[in-house]
Number of protein chains: 2
Amino acid sequence: MSSNGSFGPARAADWSNVRERLRASGLRWTPQRRTLIEVLSRTNGHVTGAELVERCREVDPGTIPSTVYRTLDVMEDLGLLSHSHGADGREEFHVQPVAAHGHLHCTSCGTTWEILADEAAAVVDSMQRSRGFAVDLSHLSIAGQCAGCSAKPAG
Amino acid sequence: MSSNGSFGPARAADWSNVRERLRASGLRWTPQRRTLIEVLSRTNGHVTGAELVERCREVDPGTIPSTVYRTLDVMEDLGLLSHSHGADGREEFHVQPVAAHGHLHCTSCGTTWEILADEAAAVVDSMQRSRGFAVDLSHLSIAGQCAGCSAKPAG
DNA sequence: CGCCATATTGCAACATGTCGCAAGTGCATG
DNA sequence: CATGCACTTGCGACATGTTGCAATATGGCG
């Protein structure tokens with residue numbers, strides 16, 4: 001389990017000093033990690049694990065999936081990205097977020113929208129008050145039917 | 001994608017007339033489905049797909065996973081159960097629910113709690129108001145840190 | 001009761017991750 | 001620059017699902 005300790009408004013990821021950050025934690029700088037970081041640094045928004053593996057292979061065809069997933073876990077511990085699970089359960093990584101946000105997924109039309117902090121305040125505050133539970137907004141994914149699909153007769 | 005058309009307070013599942021319901025939809029009654037339904041009818045609360053496959057094998061050792069998953073999909077369309085994804089992305093099926101509910105999962109200690117409708121009202125209402133989005137409470141899974149873990153120094 | 005259309009099954013291949021382990025390598029040190 | 005610890009990688013096996021296809025079985029009909 002990769003835990004980031006503090007949730008909250010996001011800082012834009014800074015890929016320039018990853019090497020130092022790794023070293024500061026006693027971790028190592030390797031070609032494989034360099035590849036993934038290169039890919040991540042030019043990625044904005046959401047990507048699935050499979051997509052990242054694919055892009056790494058474009059840079060280095062010898063990329064091994066398990067290495068990518070393990071490195072992603074490390075990056076998450078470093079707070080450089082976060083992940084949640086889409087409506088289908090697949091992993092969804094959030095890179096260089098402008099702000100921490102969750103997702104709204106319509107099970108009828110498949111569209112996904114982002115939920116920003118102020119919009120999610122209701123959930124976050126409510127869980128904090130009733131349970132003292134600190135919601136990880138970046139891991140939040142809500143499924144249901146969007147306005148458009150609710151309006152129509154039936155799926 | 002299996003869609004249940006109407007979300008809302010749950011009716012307790014009635015396994016006694018599944019056969020008729022299947023027929024009414026032009027679907028068939030098979031030994032494999034009978035096995036799964038037998039298992040489901042004595043299951044309460046949450047189960048993962050793998051657990052259901054396992055239990056079906058206890059009844060019929062010849063059970064094939066893909067058949068179970070496909071039948072679960074059919075049962076979901078019939079409204080007999082619903083599913084969401086745990087914090088790890090695995091499927092989690094909800095059988096014979098006393099009421100539709102979501103889940104709260106602590107990423108530090110791994111504990112899971114249920115969120116009942118009234119507690120989730122804040123989320124549901126808020127999304128309905130701001131977006132006209134009908135949240136599927138039974139598919140809702142929120143991750144974060146529970147009160148206990150937040151209190152402690154760090155994971 | 002036998003026929004037939006088509007819903008289902010079984011199986012194998014694939015997709016997306018996770019895990020254990022032995023071999024390899026980064027890098028702090030001498 | 002050589003050495004060595006322990007962090008990483010590569011790889012294969014496994015876990016959990018999904019999907020295409022050919023073979024099979026259900027159930028309405030004559």
Side-chain angles (χ1 to χ4, degrees), chain A residues 1-2 18-37 46-57 59-78 81 83-93 107 110 139 141, chain B residues 1-2 18-37 46-57 59-78 81 83-93 107 110 139 141:
Chain A
M1 176 177 318
S2 81
V18 183
R19 183 171 181 172
E20 286 77 51
R21 293 236 242 157
L22 284 169
R23 278 231 278 262
S25 305
L27 305 177
R28 311 249 164 98
W29 181 246
T30 68
Q32 295 83 349
R33 287 185 178 170
R34 214 169 82 76
T35 299
L36 177 57
I37 283 159
H46 321 136
V47 251
T48 63
E51 275 169 346
L52 288 172
V53 169
E54 188 55 38
R55 293 187 198 175
C56 280
R57 270 205 227 275
V59 177
D60 172 6
T63 299
I64 270 72
S66 62
T67 297
V68 173
Y69 288 113
R70 282 188 287 220
T71 302
L72 283 169
D73 211 48
V74 171
M75 294 301 118
E76 192 162 359
D77 275 341
L78 253 44
L81 49 78
H83 87 273
S84 58
H85 297 275
D88 58 357
R90 278 194 189 70
E91 286 195 323
E92 199 159 277
F93 292 89
T107 50
H139 197 139
S141 190
Chain B
M1 177 181 312
S2 80
V18 183
R19 184 172 181 172
E20 287 75 49
R21 294 232 243 159
L22 284 168
R23 278 230 280 260
S25 305
L27 304 178
R28 301 204 180 142
W29 181 245
T30 68
Q32 295 82 350
R33 288 187 176 170
R34 213 170 83 76
T35 299
L36 177 56
I37 283 158
H46 321 137
V47 249
T48 63
E51 276 170 346
L52 287 172
V53 169
E54 189 54 39
R55 293 187 198 175
C56 280
R57 270 205 227 274
V59 176
D60 172 6
T63 299
I64 271 71
S66 62
T67 297
V68 173
Y69 289 114
R70 282 189 287 221
T71 302
L72 283 170
D73 211 48
V74 171
M75 294 301 119
E76 193 161 358
D77 275 340
L78 252 46
L81 49 78
H83 86 274
S84 58
H85 297 275
D88 58 358
R90 277 194 190 72
E91 287 196 324
E92 199 160 278
F93 291 89
T107 50
H139 199 137
S141 192

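Atom set for the values below is all heavy atoms of this structure, side chains included, hydrogens, waters and symmetry mates excluded. Residue numbers begin at 1 in each chain, while the letters A, B, ... track the order of the sequences.
Of the candidate nucleotides C:dT9, D:dG27, D:dG17, C:dT9 has the atom nearest to the side chain of B:Thr30. Checking D:dT18, D:dG27, C:dG26 against the side-chain heavy atoms of B:Arg23 singles out D:dG27 as nearest.
The separation between A:Ile37 atom CD1 and D:dT8 atom P is 11 Å, rounded to whole Å. Counting to the nearest Å, the P atom of D:dG27 and the CZ atom of B:Arg34 are 12 Å from each other. At whole-Å resolution of the value, CD in B:Glu76 and C1' in D:dG17 are 14 Å apart. For the pair A:Glu91 CD and D:dG17 P, the computed distance is 14 Å after rounding to whole Å. Atom P of nucleotide C:dC14 and atom CZ of A:Arg90 are separated by 16 Å, given to the nearest angstrom.
At least one side-chain nitrogen or oxygen of A:Arg19 sits closer than 4.0 Å to the OP1 or OP2 atom of C:dC27. The phosphate of C:dT25 (OP1 or OP2) has no side-chain N or O of A:Gln32 nearer than 4.0 angstrom. Put simply, A:Tyr69 has a side-chain N or O that comes within less than 4.0 Å of OP1 or OP2 on C:dG17.
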Run the side-chain donor-acceptor check on residues 49-56 of chain B: report pairs under 3.5 Å with partners two or more places apart or on a different chain.
| residue | atom | partner | partner atom | Å |
| --- | --- | --- | --- | --- |
| B:Glu51 | OE1 | B:Thr48 | N | 3.0 |
| B:Arg55 | NH1 | B:Thr43 | OG1 | 3.3 |

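For the pair A:Arg21 and A:Ser25, the minimum side-chain heavy-atom distance is 4.5 Å or more. Within the 4.5 Å cutoff, side-chain heavy atoms of B:Leu22 are placed close to those of B:Leu78. Put simply, the side chain of A:Ile37 does not reach to within 4.5 Å of the side chain of A:Thr71, judged on heavy atoms.
Judged as a side chain to side chain donor-acceptor pair (under 3.5 Å), and not counting sequence neighbours, the contacts of B:Asp88 are B:Arg90. In this view, A:Ser141 satisfies the side chain to side chain donor-acceptor pair (under 3.5 Å) rule with no residue, not counting sequence neighbours. For B:Arg33, there are no side chain to side chain donor-acceptor pair (under 3.5 Å) partners two or more places apart in sequence or in a different chain. Every residue meeting the side chain to side chain contact (heavy atoms under 4.5 Å, CB included) condition with A:Arg34, not counting sequence neighbours, appears here in chain and number order: A:Trp29. Applying the side chain to side chain contact (heavy atoms under 4.5 Å, CB included) criterion to B:Glu91, with sequence neighbours excluded, gives B:Tyr69, B:His83, B:His85, B:Phe93.
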Could you pull out the protein-nucleic contacts involving nucleotides 3-7 of chain C (nitrogen or oxygen on both sides, under 3.5 Å)?
| residue | atom | partner | partner atom | Å |
| --- | --- | --- | --- | --- |
| C:dT6 | O2 | B:Arg28 | NH1 | 3.0 |
| C:dT6 | O2 | B:Arg28 | NH2 | 3.3 |
| C:dA7 | O4' | B:Arg28 | NH1 | 3.2 |
| C:dA7 | O4' | B:Arg28 | NH2 | 3.4 |

Polar pairs (N or O, both sides) under 3.5 Å between protein and nucleotides 11-13 of chain D?
| residue | atom | partner | partner atom | Å |
| --- | --- | --- | --- | --- |
| D:dC11 | N4 | A:Ser66 | OG | 3.2 |

